[in-house]
Amino acid sequence: MTQPTRRTIRFNDEGRRFNARVAGLALRDGQLLIHRAVHEPFWTIPGGTAELGEDSRATLVREMREELGIEVSVGRLVFLVENFFDFEGRAWHEIGWYYLMDLPHDFPFSTDGRIIHEIVDGKNRLEFKWVSATRDSLAALPLPPVFLADRIEVLPDTTEHVVWDDGVL
């Protein structure tokens, strides 16, 4: 049986790209889970591109099932971010939903900065690790959107809409 064609909410127009991204803030014992595609120069909050007809919570559940092989619990929406940045010769306009996310207790955990999970996702090799959920720790990384470093220690009580320009990644 063939898989249906995926219809991600991403399009290109004359050197520009629009992307609808959903990400999960997984926090445990003062640590934050981050990931990166090894060919890229920055880390991000785990998540992925939404698909047509899929709500943002379902996107996060699907992405974590695909990338981590686990079922997650999606909490409240913390940030709705309009992020603008330049990457790989394109001007990006990205809408990002950032939810709190709980992982199963038996998901690998480490406070020593080592890679705790790796997977090949399409043509990308992804690696995941836990980092200290502090301003200084996140500011030391290339971790867009960079405003997260200033906000990670005290997350807002209600959903916050943020318009941000990360510049060149």
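Heavy-atom basis, side chains included; hydrogens, waters and symmetry copies ignored.
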Do you know which two heavy atoms are closest between [X] and [Y], and how far apart they sit?
{"X": "R114", "Y": "K129", "answer": "O-CB, 3.3 Å"}
{"X": "A149", "Y": "A139", "answer": "CB-N, 3.7 Å"}
{"X": "V22", "Y": "A50", "answer": "CG2-CB, 4.4 Å"}
{"X": "W130", "Y": "P108", "answer": "NE1-O, 2.9 Å"}
{"X": "P142", "Y": "P41", "answer": "CG-O, 3.2 Å"}

With a 4.5 Å cut-off on side-chain heavy atoms, are [Y] and [X] touching?
{"X": "I70", "Y": "D106", "answer": "no"}
{"X": "N124", "Y": "H39", "answer": "yes"}
{"X": "P156", "Y": "V78", "answer": "yes"}
{"X": "V61", "Y": "V74", "answer": "yes"}
{"X": "E127", "Y": "V38", "answer": "yes"}
{"X": "L27", "Y": "L33", "answer": "no"}
{"X": "I116", "Y": "F109", "answer": "no"}
{"X": "E67", "Y": "L126", "answer": "yes"}

For [X] and [Y], which I'm curious about, is there any donor-acceptor pair between the side chains at under 3.5 Å?
{"X": "T49", "Y": "N19", "answer": "yes"}
{"X": "S110", "Y": "D112", "answer": "yes"}
{"X": "T59", "Y": "E54", "answer": "yes"}

Qualifying salt bridge (Lys or Arg N to Asp or Glu O under 4.0 Å) pairs with a residue from residues 88-97, counting only residues at least two apart or across chains:
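Qualifying pairs, neighbours excluded: none.
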
Using the test side chain to side chain donor-acceptor pair (under 3.5 Å), find all partners of R28 that sit at least two apart in sequence or belong to another chain.
none

According to side-chain hydrogen bond (donor to acceptor under 3.5 Å, both in side chains), does anything in residues 155-167 pair up with another residue at least two apart or in another chain? List the pairs.
E82-H161, N83-D166, R151-E160, W164-D166

For residues 69-79, which residue pairs qualify under side-chain hydrogen bond (donor to acceptor under 3.5 Å, both in side chains), counting only residues two or more places apart or in two chains?
R65-E71

Are [Y] and [X] co-members of a hydrophobic cluster defined by side-chain heavy atoms under 4.5 Å apart?
{"X": "V131", "Y": "I152", "value": "yes"}
{"X": "L32", "Y": "V154", "value": "no"}
{"X": "I95", "Y": "Y98", "value": "no"}
{"X": "L60", "Y": "I119", "value": "yes"}
{"X": "F147", "Y": "L25", "value": "yes"}

Report the distance from atom CD of E63 to atom NE2 of H35, rounding to the nearest 0.5 Å.
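With rounding to 0.5 Å, CD (E63) is 8.0 Å from NE2 (H35).
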
May I ask you to decide if the ring planes of H93 and F18 are parallel, tilted or perpendicular, using 30° and 60° as cut-offs?
perpendicular

Greater than 12 external heavy atoms within 6.0 Å of H105's NE2:
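Count not over threshold, so no.
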
Of L141, T44, L148, the residue whose pairing with I34 passes side chain to side chain contact (heavy atoms under 4.5 Å, CB included):
L141

Going through the checks in order, is the side chain to side chain contact (heavy atoms under 4.5 Å, CB included) test met by I115 and F128?
CA-CA 6 Å; I115 302 304; F128 295 76; 5.8 Å; no

By the rule that ILVMFWY residues connect when side-chain heavy atoms come within less than 4.5 angstrom, directly or transitively, which residues belong alongside F87?
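Noted: F87 shares its cluster with F42, F85, W92, L169.
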
Check which hydrophobic residues are tied to V163 through side-chain heavy-atom contacts below 4.5 Å, counting indirect links as well, and list them.
F84

Taking A58's backbone N and O only, do any of them form a donor-acceptor pair with D55's side chain (distance below 3.5 Å, no angle check)?
yes

Less than 6.0 angstrom separating the ring centers of F79 and Y99, yes or no?
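Centroid separation for F79 and Y99: 6.0 Å or greater.
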
